[in-house]
Number of protein chains: 2
Amino acid sequence: METERQNQAVAAYDRLKQDIVAGHFRPGEKLLMSHLKERYSLGTGPMREALSQLVAERLVTAISQRGYRVAKMSLAELEDIYDARAHLEAMIVGLAVERGDEHWEAQVIASAHTLASVAEIRSPEEMLSLWDRRHQAFHTAIASGCGSDKLMEARASLMGQAERYRQLWLRQTVFSTEALAHKREEHAALVEVLLARDAARASQMMLEHLQTPVPIITAVVRDAHLVAD
Amino acid sequence: METERQNQAVAAYDRLKQDIVAGHFRPGEKLLMSHLKERYSLGTGPMREALSQLVAERLVTAISQRGYRVAKMSLAELEDIYDARAHLEAMIVGLAVERGDEHWEAQVIASAHTLASVAEIRSPEEMLSLWDRRHQAFHTAIASGCGSDKLMEARASLMGQAERYRQLWLRQTVFSTEALAHKREEHAALVEVLLARDAARASQMMLEHLQTPVPIITAVVRDAHLVAD
DNA sequence: AAAAATAAAAATGTCGATATTTTTAAAAAA
DNA sequence: TTTTTTAAAAATATCGACATTTTTATTTTT
């Protein structure tokens, strides 16, 4: 058993993406080739390869002969991403309710339980990352019932684009006992409707559930001066 | 006014993608670096950049240290892509009917008219490419009413993955007077429902409309031995 | 025939040469 | 003096040649 050996471009892609999402490089910031090469200690070839991947994912913008920049964030983009994600996921959930089998049901119940039992026994940061991971696993478990790899890929692509905005929402929600309790209720209600196999209602609930973060993020984005407009 | 100067990686990406979609490189075929460099006359850097783009689009597969191959085609993938595309587009059409303005209506009517008036005055190949372009423009005009760039991107991504399969359907349909007439009817009925602003019905019609190519492509794929299974 | 050693082919990565863009400084005009 | 224009310099992006590492094919040995 040995770890799959990956090339430098992939390694650079992972690290740079992490740095952008975590805010080490800020929206709109110039990504200087010489700086990136030094930071990740590699040559121009693999670096450009990693950058062009991130361009395809809309996390970086490129202009020929003028280099790369971290993609800007905007309220318009925030709204578009969350609207698209909500409608896509609502559609997927409808399919999942129609198509999901017993194994799917079991996964949904299991991940819901695992998520609900996250307690504040650890440090705030650990609690945050644990809840986040389990929350994402919960939603992924629900969506996977649609049985379509391609729809799951489209979903993953939108979630990747949402990630920088989602990070802002996460802290607000997890560190608020009130907000967290409310999410717990929403999740419980969602599971109930899923198991009742009510496709239309599940779809509608998911649509609303996924739109709730927008006002919260809007406020944070404005405060943190992350956008120009 | 001068043409935007694009780099070699983008040029190579365009040409290679075209070559794959048009079948110059067949599914599963090894993409030898030395051969590609010669064919497109450029160095390894830009070539790898272009290849990694196509990997992200699922048109090429890569194994670290073992190079690149044209992604295989399969009946399972065909079904998944068309199922995903149909459900995505059905959802988008529902939004378009709800959100589309007068300008959207005008665009839909205009592109429907342009499509319907394709006549066999040119050579078969010209006729094919003309009908194809207008057909795509028609569907894009409808979808654009959803008003979401991100949904349009997700749609474009799926269409890109469908392209190799769609090419097979195109010839069968355009060169059959019967099939073409049937499509014309479907399109006319679709426009009618769109303008009547019946979201549920439009969505359902689009779902069915986009699933009709699957049996046709299945037959061609089997005949042409494009898949292993 | 199976395993090991060797040779050939291919993929990956670094580096420096070249072209382009941006910045800075100087000169000219308002 | 301030603004605009022009020219030079610096910074940067892009690319392909070359070197290194890894995989694959071939031959030799047991």
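So you know, we letter chains A, B, ... as the sequences are listed, proteins then strands, and number each from 1.
- Note on A/Lys150 versus B/Asp83: no salt bridge recorded, every NZ/NE/NH1/NH2 to OD/OE distance being 4.0 Å or above.
- The interatomic distance linking A/Asn7 (CG) with C/dT14 (C1') rounds to 15 Å, in whole Å.
- Between A/His113 and A/His187, the distance separating the two ring centers is not shorter than 6.0 angstrom.
- A salt bridge does not link B/Lys17 to B/Glu163: none of the charged nitrogens lies less than 4.0 Å from a carboxylate oxygen.
- Judged by distance alone, with hydrogens and angles left aside, B/Thr44 brings no side-chain donor or acceptor close enough to the base of D/dC15 to form a pair under 3.5 Å.
- For D/dT27, the paired nucleotide is C/dA4, the pair qualifying as Watson-Crick or G-U wobble because both relevant distances are below 3.5 Å.
- Heavy-atom distances to DNA chain D give each of B/Lys37 and B/Glu49 a nearest nucleotide, and the one nearer the 5′ end belongs to B/Glu49.
- At distances below 3.5 Å, not a single donor-acceptor pair connects side-chain atoms of B/Ser176 with backbone N or O atoms of B/Thr173.
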Please enumerate all protein N or O atoms sitting under 3.5 Å from an N or O of nucleotides 9-11 of chain C, with distances to 0.1 Å.
| from | atom 1 | to | atom 2 | distance (Å) |
| --- | --- | --- | --- | --- |
| C/dA11 | OP1 | B/Lys30 | NZ | 3.0 |
| C/dA11 | OP2 | B/Met33 | N | 3.1 |

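- Following rounding to the nearest Å, A/Met47 (CE) and C/dC15 (C1') show an atom-to-atom distance of 17 Å.
- Look at CG on B/Leu42: it is 8 Å from P on D/dC15, rounded to the nearest Å.
- Atom CG in A/Leu36 sits roughly 12 Å away from atom P in D/dT12 (whole-Å rounding).
- Of the charged side-chain nitrogens involved, at least one lies within less than 4.0 Å of a carboxylate oxygen, so that B/Arg155 and B/Glu89 count as a salt-bridged pair.
- Side-chain N or O atoms of B/Ser41 include none that pairs as donor or acceptor with a backbone N or O of B/Glu38 at under 3.5 Å.
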